[in-house]
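Below is one structure, written out as structure tokens; comments come after it.
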There are 2 protein chains.
Amino acid sequence: MTKINDGKTTEAPTMNDVARRAGVSAMTVSRALKEGSHVSSATRERITRAINELGYVLDQSAGSLSSRRTGFVAAIIPSINNSNFSDTARGITDALEGTGLQLLLGYTNYSVEREEELIEAMLRRRPEGIILTGGSHTPKGRRMLEQAGIPVIETWDRPAQPIDKVVGFSNGEAMELLVETLARKGYRRFGYIGGVTARDTRGSQRRAGFVRALERLGLSSDRVISFGVPPISMEQGAQAVVSMLERWPDTQVALCVSDLSAFGALMECQRRGLKVPQDIAIAGFGDYEIAACCHPRMTTVNVDCYGIGRQAALKLTQTIQAQSPGTPEPVTLTGFRVIEREST
Amino acid sequence: MTKINDGKTTEAPTMNDVARRAGVSAMTVSRALKEGSHVSSATRERITRAINELGYVLDQSAGSLSSRRTGFVAAIIPSINNSNFSDTARGITDALEGTGLQLLLGYTNYSVEREEELIEAMLRRRPEGIILTGGSHTPKGRRMLEQAGIPVIETWDRPAQPIDKVVGFSNGEAMELLVETLARKGYRRFGYIGGVTARDTRGSQRRAGFVRALERLGLSSDRVISFGVPPISMEQGAQAVVSMLERWPDTQVALCVSDLSAFGALMECQRRGLKVPQDIAIAGFGDYEIAACCHPRMTTVNVDCYGIGRQAALKLTQTIQAQSPGTPEPVTLTGFRVIEREST
DNA sequence: CTGTTAGCGCTTTCAG
DNA sequence: CTGAAAGCGCTAACAG
């Protein structure tokens with residue numbers, strides 16, 4: 001393979017091939033490819049033609065090596081398969097649109113060990129910033145993030161000791177609000193359905209919020225079913241509600257760690273001929289599409305998943321642009337609100 | 001900024017910094033970082049220590065420039081927010097695990113124009129292979145893919161003129177099978193609910209299959225509701241079934257382009273006091289989690305979304321490894337099967 | 001097992 | 001507006 005590409009090999013053409021064909025230098029081609037740089041329109045036209053004839057596509061890896069800007073932003077979410085987090089990912093990509101920044105997305109399956117691996121894998125690509133879900137990381141993961149020298153945004157949570165910037169809300173407070181809202185409605189005997197381990201930080205915070213709110217109200221917070229490895233599925237929600245009704249048949253309302261398990265519980269109740277909310281009320285968390293559409297429609301907590309992503313990405317681009325670190329607010333609190341529907 | 005990094009600046013340390021600190025050459029550091037290369041354990045230990053002290057992370061962009069292997073695989077799906085496609089994405093990442101290949105994921109929002117942009121954006125990163133959803137692309141997109149000189153895998157479909165390799169199934173045949181299965185069960189008056197435009201290729205193929213099967217059976221294929229821009233939502237499914245029952249009150253079974261719209265239709269029927277399947281039967285497509293869990297449980301077509309991703313990634317890695325192009329089978333057909341449940 | 005040299009394809013920087 | 005030289009951080013290839 002000669003250095004001079006003859007266009008007949010399968011080797012991809014380089015910028016030099018384009019330059020030669022257009023009768024200019026590579027530098028001029030580089031300029032023509034970048035917005036807002038001054039190239040005479042005649043030259044630009046010749047270059048464009050050469051690019052099309054050759055089927056040239058810019059090699060950005062090479063470019064970023066010399067410009068020291070990769071154009072990557074990394075984001076790590078627990079699951080790609082959960083519409084709450086994929087809404088956040090959508091928010092990020094949408095906010096990145098037009099900035100020339102491209103998203104490098106990874107998911108951890110709710111494992112901090114996997115998160116640590118991902119952090120390293122992504123940092124090898126030299127992203128210009130990184131967006132994480134939650135504030136729990138391995139010590140090594142945390143150290144890598146701190147030393148990376150790029151803006152770090154933790155989302156979906158309010159970490160006690162943020163690494164850098166935060167866009168999130170308190171999952172505990174959100175669950176407390178749900179409990180209070182339902183208590184005000186007259187419910188007294190509350191149950192909670194969630195996953196078993198502490199793997200899902202946000203899940204355990206919601207459970208803690210549940211307990212806190214009931215204790216404050218002087219109500220029992222014992223009715224807690226922990227079932228299945230988070231994230232718990234619809235089917236597991238169905239099984240959990242059965243356990244709950246066996247152990248505590250007088251439960252008035254079952255709060256679930258997410259709408260998905262709540263939906264499973266709701267359907268299972270119907271299958272068993274229980275009327276919701278008359279025999280048992282059910283509420284979820286997350287305001288997934290399903291909550292608004294199921295029958296009866298589900299009471300839940302809306303947490304603006306898309307907005308979390310959008311704001312995280314905005315904060316990131318602002319921080320990247322504002323050379324001086326720390327320009328945007330360090331913490332952005334995103335809203336949550338209880339959506340009362342027919343299931344309670 | 002001097003070339004020699006003193007560790008006190010915010011500049012990220014380079015391999016040379018590590019080498020100097022460990023008293024070896026950069027090349028040895030490079031070797032120590034790569035699996036299966038021979039470095040004495042004493043040297044390796046010094047290097048490892050230097051890496052930890054410095055918090056060094058390999059710069060893969062630089063590495064790929066010289067090794068001419070980026071370690072990227074690109075995948076483009078219609079929506080990240082749809083569990084069918086995110087299952088495919090999961091299948092891809094899982095199959096890529098341990099290969100040293102990293103996924104570059106993008107979504108098109110069901111727009112071929114957006115797909116074209118994404119193809120170019122991804123090719124700029126010089127992926128070693130690319131996985132697409134469906135066989136419809138813009139002419140320019142197709143040309144770029146053909147000229148990229150990397151394996152291309154089209155999935156979720158059986159394109160008439162594949163660019164390269166295919167892992168998919170015929171959406172039309174799958175829908176025909178559903179119609180036949182239900183006709184065998186005695187249903188005669190079939191309705192179809194799907195989106196309006198041809199944006200969603202797989203959606204229109206399913207509709208075409210619906211029509212074909214009914215014509216073959218000598219049954220009417222007129223009851224078609226086209227409602228909403230694909231992908232149609234649960235809520236739109238709910239509205240569509242209402243229209244259908246207004247226009248053709250004698251419809252016996254409503255087939256929906258996906259489980260999501262089918263679920264919306266199912267819930268709406270319950271809301272209106274219609275018994276499913278007695279008053280009207282409903283079937284979906286995709287076998288989403290919700291189909292197995294809703295009440296009544298939904299009849300649908302399972303299409304092995306995860307397996308499509310897994311097999312596509314396997315075919316890709318095989319093709320990348322087998323230097324000689326075209327080693328694996330060009331077309332892998334993935335299975336589909338009708339899952340009969342309570343809704344029909 | 002380790003080092004040296006060269007260069008991947010582009011952009012920065014400086015000249016013209 | 002355009003070009004030439006240098007080099008980004010790493011690894012291939014070869015030498016020892």
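By convention in this document, chain letters (A, B, ...) are assigned in the order of the sequence lines, proteins followed by strands, and residues within each chain are numbered from 1. Keep in mind that this is a model prediction, so the values were computed, not measured.
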Pair A/Tyr56, A/Thr14: side-chain N/O donor-acceptor within cut-off below 3.5 Å: no
N/O (side chain, A/Tyr56) to phosphate O (OP1/OP2, C/dG9) under 4.0 Å: no
Taking the side chain of B/Ser66 as its heavy atoms from C-beta onward, which of C/dC10, C/dC8, D/dT2 lies nearest to it? C/dC8
Of C/dT12, D/dA12, C/dC10, the nucleotide closest to the side chain of B/Ser67 is D/dA12
Round to the nearest Å and state the distance from A/Asn16 atom CG to C/dT11 atom C1'. 13 Å
When you measure from the side chain of A/Ser25, which nucleotide among C/dT4, D/dA4, C/dG9 comes out closest? D/dA4
B/Met15 has an atom CE; how far is it from atom P of D/dA12, in whole Å? 11 Å
Does A/Ser64 reach a base, just sugar-phosphate, or nothing at all? Heavy atoms under 4.0 Å. nothing
Contact class for A/Ser61 vs. all strands (heavy atom < 4.0 Å): base, sugar-phosphate, or nothing? nothing
Give the rounded distance in Å between these two atoms: CG of B/Leu54 and P of D/dG9. 14 Å
Using OP1 and OP2 only, check whether a side-chain N or O of B/Ser40 sits under 4.0 Å from C/dT2. yes
Taking atom types as modelled, find out whether A/Tyr110 and A/Thr201 have a side-chain donor-acceptor pair closer than 3.5 angstrom. no
Applying side chain to side chain contact (heavy atoms under 4.5 Å, CB included), run through A/Leu104 and B/Leu104 and close with a yes or a no. CA-CA 6 Å; A/Leu104 214 47; B/Leu104 214 47; 3.3 Å; yes
Residue met sooner reading DNA chain C from 5', once B/Thr43 and A/Arg31 are mapped to nucleotides: B/Thr43
The side chain of B/Leu65 lies closest to which of these nucleotides: D/dT11, C/dC14, C/dC8? C/dC8
Before you tell me yes or no, could you show the steps for A/Phe72 and A/Ser64 under side chain to side chain contact (heavy atoms under 4.5 Å, CB included), namely the whole-Å CA-CA distance, both residues' side-chain angles and the distance that decides it to 0.1 Å? CA-CA 10 Å; A/Phe72 275 130; A/Ser64 44; over 6 Å; no
Considering only side-chain heavy atoms of A/Ala62, which listed nucleotide, D/dG9, C/dG3, C/dG9, is closest? C/dG9
To the nearest angstrom, the CZ-C1' distance between B/Arg68 and C/dA6 comes to 14 Å
Closest-nucleotide mapping onto DNA chain D: is B/Ser30 or A/Thr28 further toward the 5' terminus? I mean the 5' end. A/Thr28
Give the nucleotide from the list D/dC10, C/dC1, C/dG3 with an atom nearest to the side chain of B/His38. C/dC1
Whole Å only: how far is the NZ atom of B/Lys34 from the P atom of D/dC10? 13 Å
Nearest-Å distance for atom pair CE/P, residues A/Met27 and D/dA5: 15 Å
